[in-house]
Each structure stands twice: as structure tokens, then as C-alpha cells.
Amino acid sequence: MSNPNEHIEEFLRYYFKLPSPPQYAVLLKGKWGVGKTWFLKKIMSQLDSSDNQKKRHLYVSLYGIASFEEIENEFFRQLHPVLSSKGMALAGKIGKGLLKTALKIDLNDDGKSDASVSSQVPDINLPDYLSNTEGLILVFDDLERASMDLENLLGYINYFVEHQGYKVVIIANEDELVNKEKTSDVSYKRIKEKLIGKTFEIQPRLESAISNFIHEIESDSTQELFNNNIGLIKDYYRRSAYWNLRHLRQALMDFSRLLESLSDEIKDKEGIVEQLLSTYLVLSFEIKSGEMLPADINNFNESYLAELMDRSNNKGMTEEVIDSPYRKVKEKYPAFDLFDMLLEKSIWIDIFDKGLIDKAKIEESLKSSRYFHSDNQPEWMQLWHFMYLKDDDFDNLLKSVTQKFQDKEYKEIEIIMHIAGLFLELSSASVLDITKAKILELAKSHIDKLVEEKISVSHRSDPFHDTSSKGLQYYSKDSNEFRELFEYISSMSEKQINDSLPQLGIDLLDDIKNRTDSFYKKISYTGSMNEYHRYPVLKYIRPKDFVKAIIENEPYKRRDIILAISSRYKSSGNIEILSPEIGWLQETVYLLLKQAERKEGKISNLQIKYFTNAYLVSSINILHEASLNPKQAANYCWIYSQNSVGIPQTAIYMKKLGMIFNLKC
């Protein structure tokens, strides 16, 4: 393909070689990311290297620039990198004078060089090699992104062109400048007519750009992948219609990082990496352009179903469906397959929203894809990919999975959720002769059997947020039946956990006696929640037994145990849930101080009192203040006053020892 910018290159070479000042600037315009800066820098690098000459141009990006001084500081840095270095105190004294003398800046036409109307030039005699800037080309990039008044800025640039005879190239997204003109008093077109003699629009050189982007990647295998799929890359880039080469470069660089996380087993599977690349490009182009947010990926299913509903009702699509990110993506990229995105939607969101590459989740998700369909996938997972099954294969799999589901053979809660959602989907499509009510009944009875067999029905999935597991999305997750199933699972899981809490308390007491480190790890909040943080398990330990275990431990272990309890409340991400432990903690403190009193005159008295007062007393106040309902906190106190020494006695005793508490009981 011919170079669409060849005529621009030819003109710039002519412009740069003009023996006399041209008295006009050249504007290179184009959309953001089209490659304007890259295009000019390539020409300037060739210019700088020709005839063994020194640097022939000064470049400044005006992005965020708010004053002329910032521009001149950048010019000075490029002209004299040694003098402008941090270690050169000289630069602070003569920098401006050096620049003014070298560039002959005289904005007020008084015959004296100055960086601004108010500044003066120090009398400095510069060597010729520092002050000779003849033939220098000035490049002002990102004109539309400057924070300065546009009229003043263009007047400043015009000074170099008209009064000092410099050759100047301006790079800008002119559409943005014209839009600014519409909303302000600045007459960009009038100023442009005086300053700019030639305007060229840069066209993206896709082949050359892709070649350069690929060359920047270090991995030979990744380079080979991209080179083998240049046609695919160009096709998706053109379909995006954003013409932003910067976004393309970022997409290729980021995908190479994702590719590095894949095992050879995945990469060796024919076709999988190419499809992963195509899906990545679609999402990357749309998200980086601002047309959609990472979170919109979660709504693809809903948009698809809404579109089907509109069509089934024989009416035109609603405005909401037409404007949905999914609909726009589907229209641009017909090959994009909602049901074959390879990675769970939550993984895609993590990649684009957080830059998170979770190798384990990605591996699991890809191995659950159709590319591993024949590689010992369980039957239910093969059935999940029903869109790619032949009739006979589908019928055989459906019969087998249905029988196992009816016989309650599945032992994992997430598999049961997957099959239930899958069956609900197939029932809606009239390819499964089981009613939705019956599917829900079968799923619940399956869960009941797991509970009877003391198999955990706890799950990590939340249909309102986390919509997948086992590397696959849940079908029918938004249906009333699936939501009812999830609520049933949640209630049974909660019952299982509540039934297990007394045993958890016994296990913790055993840890105090034999495995202090284990106790610390279980109850101290470290950022990730477990069952010990989600439930007030400490209240299931008798305070008397707990204190006895502490007292009988080594002194340093006593400290670790008490620090663990303190950490539990100070760092907890869900402190309100732990508020029922307030009565347990008050009684524990009371009993510890009673033990200390019995050891009067011994070092253990000092140890117990110090750690109790320093860490546990403040924890009581934290728990009390965190209580959502103060009356509820008082009720906890009353309950424990009936079961043991009594909270009122505890509070009186603590006050006697000189400790003040913000307690309401």
C-alpha cells in the first residue's frame, strides 16, 4: 500500500531546507492517537542524523502547560542538558538569560531579549556553541491540550515565526480547537490565518505502525503470533473506526502480557490464542475509546436477552437496547460471540478495570472452553457448550446429565448451580422437557442431600456480582428461579455455618493451647475474609476456659494471643458483625484482671495487666462504638450477666482498678 503521508514528508523536507525564513508555521492535524507525533519524530530523527549534524529541533508537548516559562524551561533543558541538570547550580542563575540570548526572545520589541514582558536579561557573554541556534526547528505538540489562553499561546508561537524567522511545526487535533472556538471568544480561525501557512492532515499508516509495535515486543513467540495475525489485527482496528494507533499499540502491549501468563498447554491448543486475541482487541478498543466501561461486560447477557424479547414481541428494538454497549459491539464486530468469550466476564473486567492478570483463574476458564471439549471435560461442562454440539451428542449428554441430576450424584454446590441454570435455559428454549418448577425442586433436594451428608454448600458465587464459577458463566442467572435457588443455598449455607460455630470455638481453644500461630492466623484480619471473620466465633468459647488457656501459656504466647484479639477488631473490614462478641470480651477482661490480682507482687501480674489494659480494653470500646444499635449492645451485656459473673460486676470492678469505659451496660 502506498504511503498516504508521502506528500507531507516531501513538503516538510522542502520546508526545513528553505534558506530564508518562511514566515509561516506548518500545522499537522489529525485525531488523537492517529500517529501525528510519531510521524513527525520519525522525520526529525532522520533530519538530526543527516550529515552528522547536531540536534536540529526543539520539541515541547503543550499538554497541561500553563505558562511560557514552562515552555522555555523545556527548550533550555534540550539545548543544554548538562547546564539544566539537578547538579548544576549555574543553571538557576543563567538559565533564563542563556535561553533568551540563544533564542533571541524579545516579546515586547524593545530590543532586549526576555522570557516574558516583565523579565530582564542578565549581561552574560556566552560561547558561540551555546548561543548559535541558526537553522533550529521548533515543534509545538498537543496545542489543543494546553492549559494557557489559546490566543496568547498562538501569539507567542507567532513571535518565533514572524519576528525571529524560526521554522515552526504545530501538531494538534484541530477538531478540538474548533470546538473550543464555538464555546469561547477565541477566534482560532482568524489567528490560524495569520500564523499557519500550510495545513496537512496525517493519515494513519497502519501497516508501518503495526510493524513497529510488534518490533517493540521482546518475546519472539509473541511477535510471531502477531505477525501471523496481522490481517486479523488490521480488520478489527478498522472495524473499531476510532483510528487511534495509540490504542492499538496499548492493546498489543497489554495482550502480550496476558499471553505470557498462559501455559504451553493452552498456547499449543490450535485456534484458542487467536480467538483470545480477537476478543481482547474488541474489548480493548471499545473501553479505551470510552464507548463502554469494563463493568458493561457484565450486562452483555441482559442486553442480548432484551434484544431477543423485543424481536419475539414483533416490535422494534427499544432505544435502551439500540444504545447498549453489547448491541454496538455486535454491529461493529459480527464475529464477536457473547457465548464464547473464553474467559469469565469477571476475569475480563479485572483485566481492563484493574490490570489484574490472575493466572489460575485464566487457566481454569480457558480449560473450560470448547477448545478442551474432548479433553476429559465432565459431561455437564460439555453440555454447557451446547451451542457447539451435534444433535446426537447433545441428546446423549443431556440424558446422562439429567439422570445424574435426578439421582443427586453431584457433590459440589457450584456444579449443581451450573446444571440448574443450564436446565432453566434449555427449558426456556423448549429443548428440555422439564418444567422450571421441577428443575428448582430437583436442585433444592440435591442441596438437602449435601447438607445431610455434611458436605459444605458454601459458595463463592453471588449472582448479583460474581456470575460465574469453574471458568464458566451461570446460565439463567437473572431468572426468578435461579435467584430463588441462590437464596435457598444461602440460607442452607448459613445454617451449616451456624451449626458449626460451637465446634469452631472448640478448635480455637485447642489452637490457643497447642498452636498459637494458627489461632493468630485464623482470627486476625489480614484483608481477606474467612468464616472466623464473618461470624462472632469467639463468643462460643467459655471465657473461663479461654482465660485459663492464656494463663497457662508461655508469656510471649500470652502476648501473641492478646495481640491477635486486638488486631481482630482494629483492622476488621466488617466490625459490626463481630459486635456480639462484646459481652464475651468484657467478661474475658474481667477474669484476666482477677487473675492478675491473684498474682500480686509477681512479674506475671505486670504482664497480664499491661497487655490487657493496652490492647483488650480499647477493643471493648471499638466494639461498643461499632454497634449499629446501642440497645442491642446493651442486650448482649444483659445476656452475659445472666450466664456468668455479670457485666455490671465487671464494669464496677474495672472502674475500681482505675479503668474508664464508654459502656452503656
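Predicted model, so just to flag it, every value in this text is computed and none were measured.
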Review point. Above 12 or not: heavy atoms from other molecules or residues under 6.0 Å from NZ of Lys267?
Key: yes

Review point. Sub-3.5 Å donor-acceptor pair from the side chain of Glu363 to the main-chain atoms of Ile266, do we have one?
Key: no

Exercise for review: Kindly check if the number of other-residue, nucleotide or ligand heavy atoms within 6.0 Å of OH (Tyr63) is above 12?
Suggested key: no

Point to revise | Result of checking Ile191, Asn152, Ile71, Ile170 against Ile157 for side chain to side chain contact (heavy atoms under 4.5 Å, CB included) | key: Ile170

Check your understanding: Quick one: does Gln377's side chain have a donor or acceptor within less than 3.5 Å of a partner on Lys367's backbone?
Key -> yes

Point to revise | From CA spacing to verdict: salt bridge (charged side-chain N to carboxylate O under 4.0 Å, His left out), Lys328, Glu331 | key: CA-CA 5 Å; Lys328 292 178 180 178; Glu331 287 180 345; over 6 Å; no

Check your understanding: Does anything in residues 24-37 pair up under salt bridge (charged side-chain N to carboxylate O under 4.0 Å, His left out), and if so which pairs, sequence neighbours excluded?
Key -> Lys29-Glu174

Check your understanding: From His215 NE2 over to Ile210 CD1, what is the distance, rounded to the nearest 0.5 angstrom?
Key -> 15.5 Å

Exercise for review: Would you please say whether a donor-acceptor pair under 3.5 Å links the side chains of Ser61 and Asp142?
Suggested key: yes

Practice item. To the nearest 0.5 angstrom, please state how far the OG atom of Ser278 sits from the CG atom of Leu232. Key: 5.5 Å

Review point. Out of Glu270, Lys269, Gln275, which residue meets the side-chain hydrogen bond (donor to acceptor under 3.5 Å, both in side chains) rule with Tyr371?
Key: Gln275

Practice item. Find out whether Thr37 and Leu28 are in side-chain contact, i.e. whether some heavy atom of one side chain is under 4.5 Å from a heavy atom of the other. Key: no

Review point. Taking the inter-plane angle between the rings of Phe140 and Tyr156 on a 0 to 90° scale, is it parallel (under 30°), tilted (30 to 60°) or perpendicular (over 60°)?
Key: perpendicular

Exercise for review: Answer yes or no: is there a donor N or O on one side and an acceptor on the other, between the side chain of Lys330 and the main chain of Phe336, under 3.5 Å?
Suggested key: yes

Exercise for review: Please say whether more than 12 non-hydrogen atoms of neighbouring residues, nucleotides or ligands are located less than 6.0 Å from NZ in Lys359.
Suggested key: no

Exercise for review: Considering non-hydrogen atoms only, spot the tightest contact between Phe16 and Ile43 and give its length.
Suggested key: CE1-CG2, 4.2 Å

**Study point:** Which atom of Ile214 lies closest to which atom of Phe226, heavy atoms considered
**Key:** CD1-CB, 3.6 Å

Practice item. Could you check Asn228 against Glu274 for side chain to side chain donor-acceptor pair (under 3.5 Å), going step by step and ending with a plain yes or no? Key: CA-CA 10 Å; Asn228 291 338; Glu274 288 75 10; over 6 Å; no

Exercise for review: Identify which one of Lys288, Glu291, Glu286 satisfies the side-chain hydrogen bond (donor to acceptor under 3.5 Å, both in side chains) criterion when paired with Tyr242.
Suggested key: Glu286

Check your understanding: Backbone N or O of Ile349 within a donor-acceptor pair of the Asp353 side chain at under 3.5 Å?
Key -> no

Exercise for review: State yes or no: are the ring centers of Tyr24 and Tyr15 separated by less than 6.0 Å?
Suggested key: yes

Practice item. Assess the side chains of Gln250 and Asp254: does a donor N or O sit below 3.5 Å from an acceptor N or O? Key: no

Review point. Taking Asn229 for the side chain and Leu225 for the main chain, is one N or O donor matched with an acceptor at less than 3.5 Å?
Key: yes

Exercise for review: Flag the pair Phe11 / Phe200 as yes when their ring centroid distance falls below 6.0 Å, and as no otherwise.
Suggested key: yes

Check your understanding: Where the side chain of Glu70 meets the backbone of Ala66, is there a donor-acceptor pair that is under 3.5 Å apart?
Key -> yes

Revision key, fill the gap. One should read off an interatomic distance between Ile351 CD1 and Ile357 CD1, to the nearest 0.5 angstrom, of 4.5 Å

Check your understanding: Salt bridge check: are Glu151 and Arg190 linked by an N-O gap of less than 4.0 Å?
Key -> yes

Exercise for review: Taking His418 for its side chain and Tyr475 for its backbone only, find out whether a donor-acceptor pair lies under 3.5 Å.
Suggested key: no

Exercise for review: Looking only at non-hydrogen atoms, find the nearest pair between Tyr280 and Ala251 and report the distance.
Suggested key: CE2-O, 3.6 Å

**Study point:** Pair Ile233-Leu248, side-chain contact (heavy atoms from CB on, under 4.5 Å): steps then yes or no
**Key:** CA-CA 9 Å; Ile233 294 169; Leu248 174 59; 3.8 Å; yes

Review point. More than 12 non-hydrogen atoms from neighbouring residues, nucleotides or ligands closer than 6.0 Å to NZ on Lys332, yes or no?
Key: yes

Review point. Does Glu144 use its side chain to pair, donor to acceptor, with the backbone of Asn173 at less than 3.5 Å?
Key: yes

**Study point:** cation_pi(Lys41, Tyr59) dist<6.0 Å, angle<=45
**Key:** yes

Practice item. Measure the shortest side-chain to side-chain distance between Tyr474 and Glu414 over non-hydrogen atoms and say whether it is less than 4.5 angstrom. Key: yes

Study note, to complete from the structure: Interatomic distance, CE@Met148 vs CD1@Ile65, rounded to 0.5 Å, equals 8.5 Å

Practice item. For Leu62 and Asp141, run side-chain contact (heavy atoms from CB on, under 4.5 Å): C-alpha distance rounded to whole Å, both residues' side-chain angles, the deciding distance at 0.1 Å, then the answer. Key: CA-CA 6 Å; Leu62 300 173; Asp141 199 355; over 6 Å; no

Review point. What are the two closest non-hydrogen atoms of Phe300 and Met292, and how far apart are they?
Key: CZ-CE, 3.7 Å

Check your understanding: So, the side chain of Trp348 versus the backbone of Met341: is there a donor-acceptor pair under 3.5 Å, distance only?
Key -> yes

Exercise for review: Locate the shortest heavy-atom distance separating Ser476 from Glu425; write the atom from each residue and the value.
Suggested key: OG-OE1, 3.0 Å

Check your understanding: Is any side-chain N of the basic residue among Glu364 and Lys361 closer than 4.0 Å to the acidic one's carboxylate O?
Key -> no

Review point. Can you check whether Phe39 reaches Ile171 side chain to side chain, under 4.5 Å on heavy atoms?
Key: no

Review point. Does the ring centre of Tyr236 sit less than 6.0 Å away from the ring centre of Tyr333?
Key: yes

Check your understanding: Rounded to the nearest 0.5 Å, how far apart are CG of Leu58 and CD of Glu74?
Key -> 9.0 Å

Review point. Does the pair Ser289 and Asn244 meet the rule for a side-chain contact (heavy atoms from CB on, under 4.5 Å), with working shown?
Key: CA-CA 9 Å; Ser289 70; Asn244 193 315; over 6 Å; no

**Study point:** Candidates Leu343, Leu472, Asp358 - the one meeting side chain to side chain contact (heavy atoms under 4.5 Å, CB included) with Ser365
**Key:** Leu343

Exercise for review: Indicate the atoms forming the closest heavy-atom contact of Leu397 with Gln382, along with that distance.
Suggested key: CD1-CB, 3.8 Å

Review point. Between the side chain of Arg257 and the main-chain N/O of Gly355, is any donor-acceptor distance below 3.5 Å?
Key: yes

Review point. So how far is it from Leu258 CG to Met253 CE, rounded to the nearest 0.5 Å?
Key: 15.0 Å

Check your understanding: Between Arg238 and Glu207, is the closest basic N to carboxylate O distance under 4.0 Å?
Key -> yes

